[in-house]
Structures are given as C-alpha cells and as structure tokens.
Chemist: 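Quick one: the structure is below, and I'll ask about it shortly.
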Amino acid sequence: MPLLDIPTLNVIQLGLGFFSTFFAFNSQGFIEEAVIDSAADNGNLNKHAGYYSLSIIYAVFTVANFVAAPIVDILTPKWAMVVGSLCYAIFQAGFLFLNEWYLYASSALLGLGASIIWTGQGSYLSQNCTKETTSRNSSMLWAMSESSLLGGGVFLFIVFSVQGASDQIPTSTINILYSVFTVLSVISTFIFAFLRTPFYPETVDRKNYGKLVGSTFKLMFTKKMILLAFVFAYTGIEQSFWTGIYPTCISFTKQLGSNTNALLALNAICTGFGQIAAGVLSGLLGDKVRKIGRDTLVLIGTTVHLIVFALCFINFPQDSSLKKTDEMGGLIQPNLAIALIAGGLLGFGDAIWNTQIYSFLCDTFPKQSAQAFSLFKLYQSALSCAAFFYAPVLQLYWHLVILVVTSLFAACCFFYVERISRDKTSVRDSYNFEEDKVTNLRGDVQYRINENEQHNSGNLKKKLGECKSDNYKNINILSDVTMTSRKSTDPDEDVKF
C-alpha cells in the first residue's frame with residue numbers, strides 16, 4: 001500500500017507548481033518598484049510605471065473573475081492552470097528588455113492569467129478532497145505555495161549581498177533575477193501540464209456556456225456568499241498591505257537601515273516563515289480542525305493581525321507609507337526587530353485566514369468549486385485594487401484604521417456563516433433510521449427499506465396491504481422525515497434528489 005494516496009499526491013504536485021510560480025512572482029513583486037525606479041533613471045520608462053502596472057493587473061484580475069469559472073470548466077482546471085502559468089512567464093520575460101507598453105500589455109495578460117490559475121487551483125483542490133481531508137489538504141497546499149516567500153527572500157538576499165546593490169539595482173542584477181524568474185514560471189507550466197486527472201472529478205456541462213456564467217452570478221447573491229463577500233474583501237485589503245504597503249514602510253523608514261533592498265528581502269523571509277508556520281499548524285491539526293472549529297482558528301488569525309496593526313502604529317512614522325522619512329514611530333524609535341516580527345505575524349495571520357476560507361469553500365460548495373473560488377478572487381482582487389488606488393494618498397495610520405475595522409467585521413461574518421453551515425449539516429446528519437438493512441442514497445438524505453419489506457420486492461404492494469397498523473405508522477413517519485429533509489435543505493448548497 002503506497003504511503004500517500006492519489007489525491008494527496010495530486011495536491012503535493014499542485015503545491016510544487018504554485019511554489020515555482022510564486023517563488024518568481026512574489027519575489028519580483030517585492031522589488032518591482034525598485035527595479036522600475038532604477039530603469040527610469042536611464043529614461044526607459046515612466047518612474048511610476050510600477051504603480052500603473054499593479055493597477056492594471058488587479059483591475060483586469062477583478063473583471064476576469066466573472067468569466068474565470070466557465071473558462072476553467074471548459075478548459076478543465078489542469079489546462080487552465082497551464083495557460084495561466086504561461087501568462088506569468090510572459091510578464092516576467094518583459095523585464096529582460098523593459099518597455100513601458102509591453103509592461104502594460106503583459107500586466108493586463110497577467111491579470112487574466114491570475115484569475116484563471118487561482119480559480120483552477122481552487123477547483124482542482126476541491127476535486128481531490130473529501131470533507132475529512134479538506135482542512136489538511138488546503139493547509140498543505142498553502143504551506144507549500146507560500147514557502148515560495150521564504151525561498152524567494154533568501155534568494156533575493158543572496159543576490160543583493162553578492163552584487164552589493166543598495167538603493168539602485170544595476171542592469172546586470174536585473175537580468176540575473178528575471179532570467180531565473182522566467183525559467184521558474186516555465187517550469188511551473190510543465191508541472192501543471194503533467195497533473196493527473198482529479199480523483200473526484202466534477203461533471204460539467206461544457207455545451208451551455210451561458211449557464212456556467214449564470215451559475216456564478218446566481219451563487220453570488222445567495223445568503224452565504226453575500227456574507228462571505230465581506231470576508232473576501234478583508235483578505236484583499238490585508239493582502240495589499242503585507243505585499244505592498246508594509247514593505248514600502250520598511251523601505252521608507254530611514255532609521256531602520258541603509259540597504260533597503262536587503263531589508264525587503266529579510267522581511268520577505270520573515271513573512272514566508274509566518275505563512276509556512278500557519279500552514280503547517282493547520283495541517284498538523286488535520287481532522288481536529290473540525291472539532292476545534294474553523295471559527296476558532298479565524299479568531300486566532302484576527303487576534304494576530306490586530307497585534308500586528310498595533311505594532312505598526314507604535315513602530316513606524318505616519319508618513320512612512322508615502323515618502324522617505326527620519327521621523328519617530330508612533331510611540332517609539334523605529335526598530336528593525338519589531339518590523340521583522342510584525343512581518344512574520346502578518347504572514348501567519350494571512351495564512352490562517354486563507355486556509356480556513358479554502359477549507360470552508362471546499363466543504364460548502366463541492367459541486368460549484370470553480371464558481372465559489374472565482375467569486376473569492378473577484379472580491380479579494382477588487383479590494384486589493386482599491387487599496388492600491390488609495391494607498392498613495394493615505395498616511396499609514398489611516399490604513400491601520402481601515403484594517404482594524406474590516407478585520408473585526410469580516411470575523412463576525414465568518415463566525416455567522418460557519419455557524420449556520422455547521423447547524424444545517426448537523427440537522428441533516430442527525431436522521432437515523434434503525435432496524436434497516438438496505439440503504440439507497442440520494443444527495444444527503446438516506447432512504448431505507450424495512451428488512452421485512454425487502455424479501456420479495458415483486459410482492460411489495462401485496463405485503464403492504466397486509467401490514468399491521470403500526471407498520472403504516474412507520475411508513476408515514478419515514479415519508480414525513482423525507483419531506484422534511486427536502487424542505488430543510490440549505491438553498492445555498494448544491495444538493496440534488
């Protein structure tokens with residue numbers, strides 16, 4: 001008997017593909033603005049092209065999520081991720097010969113590819129999970145993919161230390177970095193191309209494209225998804241903070257050090273440690289998460305983030321998100337150790353939130369996984385885009401106020417959705433008809449036939465006519481429970497009879 005079953009091996013290979021893709025993309029994300037700033041000094045492109053590039057990526061990403069689910073269903077998750085990975089490779093290759101218009105065009109292409117690859121990931125993961133393995137598999141996938149932050153941070157630190165780069169990044173260093181990033185993106189394409197067929201494949205009607213798009217909109221306006229929209233929105237705001245705004249604060253706070261690129265690499269390493277630690281913790285808990293409750297873990301993630309926001313307030317100047325500054329922090333002199341600890345905790349909290357969202361979506365929408373994950377990325381990317389839009393005009397403390405308020409509201413929404421999902425699952429699972437022998441399954445409701453009635457199915461009507469009055473009562477009770485079960489089915493869930 002193999003040590004690992006096929007679904008687990010599929011998830012591991014999926015994690016390797018995302019590790020390779022985001023080793024490249026997350027690493028370049030930390031240095032993109034510095035690279036473009038250095039290239040702008042040579043007159044190759046606009047000094048603010050990096051901000052325009054990010055705006056285009058997230059704007060297209062947001063819109064593309066409306067059509068990502070049908071594209072994934074038509075191509076299948078495997079080939080959708082292959083196409084998405086190629087988009088990342090095309091974007092990375094553009095930095096080898098920086099051109100402003102190519103940067104904008106490839107940014108738009110990347111936005112489309114990102115919506116496809118993330119929706120494909122969620123669908124493929126869901127099709128390799130059961131209710132017992134969703135928490136373990138989603139945590140394992142998250143830890144593997146987010147370990148790219150740690151690997152990328154170490155890689156950047158080594159390159160910057162060897163090349164001796166400080167504020168400006170020389171062209172030779174840029175070529176080395178983006179050659180590696182492009183090769184890694186191509187490698188991930190091959191990893192996705194060799195993925196096995198999902199172990200629990202969905203049945204999709206690929207002839208009715210309009211129905212596939214319509215099902216996404218229909219799911220969007222269900223009670224659960226409306227509440228989850230606030231949860232997804234918070235993950236988008238905090239994602240923009242730890243990927244863009246917080247590294248900028250480190251870079252612009254002069255009292256933390258002089259070699260800003262090396263400090264950004266150290267922050268990436270700490271964030272990666274936090275992401276991996278949270279993913280490993282959730283994975284080790286495994287089935288115990290069902291007993292502890294996803295809401296408990298989300299409470300931990302929320303508490304960690306609130307601690308981080310407090311640390312940011314006391315450690316960074318209020319203008320550190322906008323410009324280079326020598327000012328004091330909110331309460332103390334800026335401290336590098338506190339900054340790196342906060343970076344690690346940001347990664348830890350982000351991983352807790354995302355792994356529990358993945359687990360919830362896989363459990364709750366197993367037959368609509370592509371639609372559910374596309375909506376997740378729709379709201380997440382939309383709020384990330386909005387956060388990057390207002391980032392250039394807001395001081396750090398206003399960012400922290402927004403994060404505190406949205407985190408508390410998102411946590412309350414998640415607690416409520418998790419509670420109603422757990423309650424309705426418990427009601428369905430509580431139906432227990434004893435003294436039965438033959439079981440026919442339809443959706444989530446069990447229909448059982450009494451052992452005295454199964455002996456001769458051809459004479460069933462005759463036997464029913466000879467039953468005593470108490471047997472009539474049993475049959476009526478069974479019918480009543482069946483009808484009650486149908487009426488109590490959650491309309492947000494994909495249950496068929």
Side-chain angles (χ1 to χ4, degrees), residues 26 122 125 134-147 149-150 224 227-243 245-246 267 270-313 340-364 373 376-377 379-380 383-384 387 399-419 421-422:
N26 287 334
L125 172 65
T134 50
S135 181
R136 183 202 67 187
N137 287 353
S138 59
S139 299
M140 179 172 61
L141 174 61
W142 188 263
M144 291 184 67
S145 60
E146 294 305 312
S147 62
L149 283 169
L150 176 59
K224 284 182 183 177
L227 290 170
L228 287 171
F230 296 101
V231 179
F232 302 157
Y234 170 66
T235 64
I237 296 173
E238 62 92 11
Q239 176 180 270
S240 68
F241 184 75
W242 73 262
T243 58
I245 298 167
Y246 187 72
N267 177 63
C270 292
T271 304
F273 268 122
Q275 294 273 3
I276 295 169
V280 170
L281 175 63
S282 298
L284 290 176
L285 289 174
D287 292 340
K288 295 179 181 178
V289 171
R290 302 182 69 83
K291 297 179 180 179
I292 298 172
R294 282 183 287 249
D295 45 4
T296 301
L297 292 180
V298 166
L299 177 61
I300 294 173
T302 304
T303 303
V304 168
H305 270 175
L306 292 175
I307 292 172
V308 171
F309 303 150
L311 291 175
C312 291
F313 173 79
L340 296 179
I341 290 171
L345 292 177
L346 273 174
F348 185 90
D350 178 73
I352 290 290
W353 271 97
N354 281 276
T355 53
Q356 298 317 302
I357 289 173
Y358 271 51
S359 175
F360 181 87
L361 295 181
C362 288
D363 269 356
T364 310
F373 279 94
F376 171 31
K377 289 301 174 180
Y379 290 115
Q380 188 181 64
L383 268 295
S384 289
H399 286 289
L400 298 178
V401 169
I402 292 171
L403 286 163
V404 169
V405 173
T406 54
S407 66
L408 292 173
F409 191 70
C412 292
C413 289
F414 188 90
F415 297 158
Y416 181 71
V417 174
E418 173 71 1
R419 191 192 70 181
S421 296
R422 188 164 54 224

Chemist: If you round to the nearest 0.5 Å, how far is CG of Leu345 from OG1 of Thr303?
Modeler: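 One finds 12.0 Å between OG1 of Thr303 and CG of Leu345.
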Chemist: Do Phe348 and Val308 come within less than 4.5 Å of each other through their side chains, counting heavy atoms only?
Modeler: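 Phe348 does not reach Val308 side chain to side chain.
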Chemist: What is the ring orientation for Tyr246 with Phe241, classed by angle as parallel under 30°, tilted 30 to 60°, or perpendicular over 60°?
Modeler: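 The rings of Tyr246 and Phe241 sit tilted, inter-plane angle from 30° to 60°.
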Chemist: Does Thr302 use its side chain to pair, donor to acceptor, with the backbone of Val298 at less than 3.5 Å?
Modeler: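 Pair found, side chain donor or acceptor close to backbone of Val298.
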Chemist: Can you measure from CD (Glu418) to OG (Ser359) and round to the nearest 0.5 angstrom?
Modeler: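 Here the rounded value is 8.0 Å.
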Chemist: With the side chain counted from C-beta on, respond yes when Thr271 and Thr243 share a heavy-atom pair under 4.5 Å apart, and no when they do not.
Modeler: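 No; the side chains remain at least 4.5 Å from each other.
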Chemist: How about Glu238 and Asp350: do any of their side-chain heavy atoms sit closer than 4.5 Å?
Modeler: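 Glu238 reaches Asp350 side chain to side chain.
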Chemist: Indicate the atoms forming the closest heavy-atom contact of Phe376 with Asn354, along with that distance.
Modeler: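 Heavy-atom minimum between the residues: CZ-OD1, 3.5 Å.
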Chemist: What heavy-atom pair brings Cys413 and Val231 nearest, and what distance separates the two atoms?
Modeler: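 Smallest heavy-atom distance, with atoms named: CB-CG2, 4.0 Å.
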Chemist: Which heavy atom of Leu149 sits nearest to which heavy atom of Gly272, and what is that distance?
Modeler: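 Result for this residue pair: CB-CA, 3.6 Å.
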Chemist: Parallel, tilted or perpendicular: which one describes the rings of Trp353 and Phe414, with boundaries at 30° and 60°?
Modeler: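 Perpendicular: the ring planes of Trp353 and Phe414 meet at over 60°.
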Chemist: Please name the pair of heavy atoms, one in Ala351 and one in Ala278, separated by the smallest distance, quoted to 0.1 Å.
Modeler: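 Answer, listing the atom of Ala351 first, then Ala278: CB-CB, 3.4 Å.
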Chemist: More than 12 foreign heavy atoms under 6.0 Å from CZ of Phe309: is that the case here?
Modeler: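 It does: Phe309 CZ has more than 12 such atoms within range.
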Chemist: Does the side chain of Ile237 come within less than 4.5 Å of Leu403's, by heavy atoms?
Modeler: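 Of all side-chain heavy-atom pairs linking Ile237 with Leu403, at least one is under 4.5 Å.
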Chemist: For Ile352 and Leu297, work out which heavy atoms get closest and say how close.
Modeler: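 Looking at all heavy atoms of both residues, the shortest contact is CG2-O, 3.0 Å.
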Chemist: Find the distance between NE2 (His305) and OG1 (Thr406) and round it off to the nearest 0.5 Å.
Modeler: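 That separation rounds to 10.5 Å.
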Chemist: Within the structure provided, determine whether Phe373 and Cys362 are in side-chain contact (heavy-atom separation under 4.5 Å).
Modeler: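 In short, these two side chains touch, coming nearer than 4.5 Å.
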